Amino acid sequence: MDITKFEEKKIASSEKFRGKILKLTVDTVTLPNGEEATREVVWHPGAVCVVPLTDEGEVVCVRQYRYPFSRVTLEIPAGKLDDPTEDPRAAALRELSEETGAECENLEFIGEIHTSPAILYEKIHMYLARGLKFFDQHTDDDEFLSIERIPIKKLVDMIISGEIKDAKTQAAVLKVYFMEAIK
């Protein structure tokens, strides 16, 4: 099957909103059958997430309030890129340090996820951090979170049971868990 036949070609774009982080466009595209359609796209500069894995097999997680869902969530450390050209590795080290106070001896890139590709242009670069040394947490002024260390097997069980709803945490933790099981 020739998947290039599925391509949609943008013929017009109109910016409807530009905020501090996001931009929304409404685009007109030509479909593979020649018809036109409308696509609404939210543009995001990108983000990083880190699975900080201790020598004891615990993942250092953060609890924080997530306004769109009106609840506190359990997640791995993460944050947005300051701009789309920022080096994701540098951003991952920054977020790990800010949110957990940790520095790592080894930071391994483990992949990239697209969180909602039908409407959102956001790439999250995933990392595994090992050889952790802990210092003082230094969160952003608008960040309020607590740190918890959870054994990776327990965290996987929480993901499977539906307790962890955050997509980046699910993807990165499961990936690390199965990478570790293969070794």
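A quick note: this is a predicted structure, and the numbers were derived from the prediction, not measured.
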With a 4.5 Å heavy-atom cut-off, do [X] and [Y] have their side chains touching?
X: Arg66; Y: Lys165; result: no
X: Val50; Y: Ile76; result: no
X: Arg63; Y: Ser146; result: yes
X: Val59; Y: Pro52; result: yes
X: His44; Y: Ile21; result: yes
X: Leu128; Y: Arg130; result: yes
X: Leu93; Y: Cys104; result: yes

Exercise. Do Glu122 and Thr115 have side-chain atoms, one donor and one acceptor, less than 3.5 Å apart?
Worked result: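 Short answer, yes.
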Given the rule that I, L, V, M, F, W and Y join up when any side-chain heavy atoms are under 4.5 Å apart, are [X] and [Y] in one cluster?
X: Phe178; Y: Val51; result: yes
X: Ile150; Y: Val62; result: no
X: Val156; Y: Met179; result: yes
X: Leu155; Y: Leu145; result: no
X: Ile113; Y: Val41; result: no

Problem set entry | Smallest separation among heavy atoms of Gly79 and Glu95, with atom names |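 Residues Gly79 and Glu95, closest heavy atoms: CA-CD, 3.6 Å.
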Exercise. Ala129 and Leu96: which non-hydrogen atoms are nearest, and at how many Å?
Worked result: CB-CD2, 3.9 Å
Approximate separation, where rounding is to 0.5 Å, of [X] [atom1] and [Y] [atom2]:
X: Ile11; Y: Asp27; atom1: CD1; atom2: CG; value: 10.0 Å
X: Leu120; Y: Leu22; atom1: CG; atom2: CG; value: 7.5 Å
X: Asp166; Y: Gln64; atom1: CG; atom2: CD; value: 9.0 Å
X: His125; Y: Glu112; atom1: NE2; atom2: CD; value: 5.0 Å
X: Glu58; Y: Arg149; atom1: CD; atom2: CZ; value: 6.0 Å

Problem set entry | Partner set under ring-ring contact (aromatic ring centres under 6.0 Å, His included) for Phe109, not counting sequence neighbours | Tyr127
For this session: Tell me, with the steps shown, if Lys153 and Tyr177 meet side chain to side chain contact (heavy atoms under 4.5 Å, CB included).
Result: CA-CA 8 Å; Lys153 174 63 170 105; Tyr177 182 73; 3.3 Å; yes
Exercise. Would Val29 and Glu36 satisfy side chain to side chain contact (heavy atoms under 4.5 Å, CB included), going step by step from the backbone distance to the final call?
Worked result: CA-CA 6 Å; Val29 300; Glu36 288 186 5; over 6 Å; no
Under 3.5 Å: donor-acceptor pair, side chain of [X], backbone of [Y]:
X: Arg89; Y: Leu107; answer: yes
X: Glu86; Y: Asp82; answer: yes
X: Ser97; Y: Arg94; answer: no
X: Thr25; Y: Ser14; answer: no
X: Glu99; Y: Ala78; answer: yes
X: Lys175; Y: Ile110; answer: yes

Exercise. Under the salt bridge (Lys or Arg N to Asp or Glu O under 4.0 Å) criterion, do Lys16 and Glu40 qualify, and how do the steps go?
Worked result: CA-CA 10 Å; Lys16 300 298 183 184; Glu40 297 172 352; over 6 Å; no
Problem set entry | Under the side chain to side chain donor-acceptor pair (under 3.5 Å) test, residues paired with Thr73 that sit two or more places apart |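 Per chain and number, Thr73 pairs via side chain to side chain donor-acceptor pair (under 3.5 Å) with Glu75.
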Seminar exercise, completed: Using a 4.5 Å side-chain heavy-atom cut-off and chaining through intermediate ILVMFWY residues, the residues clustered with Tyr65 come out as Tyr67, Val72
For this session: List the steps, then state whether salt bridge (Lys or Arg N to Asp or Glu O under 4.0 Å) holds for Lys9 with Glu7.
Result: CA-CA 6 Å; Lys9 297 193 184 327; Glu7 187 176 346; 3.7 Å; yes
Exercise. Quick check: are there more than 12 heavy atoms from other residues, nucleotides or ligands sitting under 6.0 Å from CG of Leu31?
Worked result: yes
Exercise. Should the heavy atoms of other residues, nucleotides or ligands under 6.0 Å from NZ of Lys80 be counted, would the total exceed 12?
Worked result: yes
For this session: Give the intermediate values and the outcome of side chain to side chain contact (heavy atoms under 4.5 Å, CB included) for residues Phe134 and Val60.
Result: CA-CA 11 Å; Phe134 292 91; Val60 182; 3.8 Å; yes
For this session: Check step by step if side chain to side chain contact (heavy atoms under 4.5 Å, CB included) holds for Ile124 and Val48.
Result: CA-CA 5 Å; Ile124 300 181; Val48 296; 5.7 Å; no
